[in-house]
Number of protein chains: 2
Amino acid sequence: MRKGELTHQTILETAVRLASRVGLQGLSIGGLAEELGLSKSGLFAHFKSKAELQVQVLEAATAVFTERVIRPALGKPRGEPRVRALFDGWLTWDRDKILEGGCIFVAAAAELDDAPGPARDTLVQSQRDWLDCLAQAARIAVVEGHFRKALDVEQFAHDQYAVMLGFHHAKRLMRDPQAEARARRAFDALVTAAHPPTS
Amino acid sequence: MRKGELTHQTILETAVRLASRVGLQGLSIGGLAEELGLSKSGLFAHFKSKAELQVQVLEAATAVFTERVIRPALGKPRGEPRVRALFDGWLTWDRDKILEGGCIFVAAAAELDDAPGPARDTLVQSQRDWLDCLAQAARIAVVEGHFRKALDVEQFAHDQYAVMLGFHHAKRLMRDPQAEARARRAFDALVTAAHPPTS
DNA sequence: GCGGAAAAAGCACGGCCGTTCTATGAATGG
DNA sequence: CCATTCATAGAACGGCCGTGCTTTTTCCGC
């Protein structure tokens, strides 16, 4: 009962990387099996269906994301440093070798936005958690006095994520070498605007 | 030579709408033919390959976008009104019935960002033109004195498009009823920050 | 080290894919 | 009005897809 779960996890790791390149729909069981040196049916046995595979890929990606982006940021001081750490962490995540094809959630968002089903539900929940995480970090920054009291933290989280999406577009599609600089400038402007009134 | 080009255009219209739902990859020749009541081979004859179909779909979508979004904005007064018109036009575009599945360019951007080829090249060019259009509108706003002289207009265009991408995500994936309000607030903040120093 | 269980492979299926070739029908120009 | 071109349909192909079923191999507790 141990060997099975091990390969199961190995499959998911490879699947996440592959899916970031070819998308969730483009992730085929045959292709994934070949990449792993397994038989198609042997791999299929781990998941009862392709839909289940897609859900588990998203869950696995969420787990990696939490480990790689959210948890390190939680180690940073409460307030603005943590808000900035979440932003930096996401930039690093989108650049990670694990994701040769860029953030898998951004790719999945475009694929699934009109495809009702368990995969979409899983993605939406994951993204909601992420936005809540961003908003909560901003809320703490308000409490700490780094951000102004009247700040709409959900709006801030929304705007912060929009900058990330803009970065993804500029970097991965447009191959803009200035993508990261542009994103940082946009985010800095957001943070500055969130600061308490100076005078 | 007339009948052919007519159906050719009809095919592309339907293809654009369908592709906005299922994506460029998901757009199958068989499915498209059925939607139009044509035979698969009869439709295929209009395009020498699926890659060519994808390119022409993107070109057709760009033409519609230019007609529906850019041209009306060019009728607005130079400066901030035109900048705002481009933003409003995009919001309307993303909501249009033509695009049941949301902006086809956003969907294609995620699909093609790691798929080199003519389709990707076509999309990149279209997006570059769009960003240039946004930047140029901002540049005019600087000349008109609506925006401050030192404004980085390319950065402004980048940030403006990021807001649009954030809107698309919030609206189409998250189904956030506040998506449009959030986007307008974010864009207003951008415009306000672009204004000349008040004092 | 053996026997049962779990994991993987092998094989076959129906289905849709893009693509090609051939035939037939309709539109068009002289 | 007729001949020619052009637009569409039909059938067939090899290929990959997801998915079951059966067999073989591998693992693991006793």
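Being a predicted model, the structure only gives us computed values, none of them experimental. Chain letters run A, B, ... following the sequence lines, proteins first, then strands; residues in each count from 1.
No chain of hydrophobic side-chain contacts below 4.5 Å, direct or via other Ile, Leu, Val, Met, Phe, Trp or Tyr residues, connects B:L123 to B:V55.
Here the side chain of A:K76 pairs no donor or acceptor atom with the backbone of A:V83 at under 3.5 angstrom. Within the 3.5 Å criterion, the main-chain N or O of B:A115 finds no donor-acceptor partner in the side chain of B:R120.
Close to C:dA8, at under 4.0 Å from its OP1 or OP2, lies a side-chain N or O of A:H46.
Here the P atom of nucleotide D:dT8 and the NE2 atom of B:H8 are 11 Å apart, to the nearest Å. Rounded to an integer number of Å, the gap from A:E52 CD to D:dG18 P is 15 Å. Distance, A:L6 CG to D:dC28 C1': 15 Å, rounded to whole Å.
B:F167 contributes atom CZ, which lies 8.0 Å from atom CZ of B:F87 (distance to the nearest 0.5 angstrom).
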Generate the contact string for nucleotides 13-22 of chain C. Rules: B means base contact, S means sugar-phosphate contact only, - means no protein heavy atom under 4.0 Å. ----SBBB--
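Summarising the geometry of B:P196 relative to B:H146, their closest heavy-atom pair is CD-O, 3.1 Å, with the distance given to 0.1 Å. Residues A:G101 and B:D113 approach most closely at O-OD2, 4.0 Å, considering heavy atoms.
Within the structure, the side chain to side chain donor-acceptor pair (under 3.5 Å) test picks out the following pairs touching residues 164-173 of chain B (sequence neighbours left out): A:D114-B:R172, A:Q127-B:H169, B:D94-B:H168.
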What donor-acceptor contacts under 3.5 angstrom involve side-chain atoms of residues 26-48 of chain A, with partners at least two apart or in another chain?
residue, atom, partner, partner atom, Å
A:S28, OG, A:G31, N, 2.9
A:S39, OG, A:G42, N, 3.0
A:H46, ND1, A:H8, ND1, 3.4

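B:L43 comes within 4.0 angstrom of no nucleic acid atom, judged by non-hydrogen atoms across all strands. Nucleic acid contact class of B:A45 (heavy atoms, under 4.0 Å, all strands): base.
Using five terminal pairs a side, the axes of the helix from C:dG1-D:dC30 to C:dT24-D:dA7 at its two ends make an angle of 20°, given in steps of 10 degrees.
Residues from residues 108-123 of chain B placing a heavy atom under 4.0 Å of any atom in DNA chain D do not occur.
Applying the ring-ring contact (aromatic ring centres under 6.0 Å, His included) test to A:H158 and every residue at least two apart in sequence or in another chain returns nothing.
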Test A:Q56 against A:E52 for side chain to side chain donor-acceptor pair (under 3.5 Å), laying out the working first. CA-CA 6 Å; A:Q56 292 195 27; A:E52 177 64 20; 2.8 Å; yes
Run the numbers on A:D129 and A:Q125 for side chain to side chain donor-acceptor pair (under 3.5 Å), then give the verdict. CA-CA 6 Å; A:D129 290 346; A:Q125 189 55 52; 3.0 Å; yes
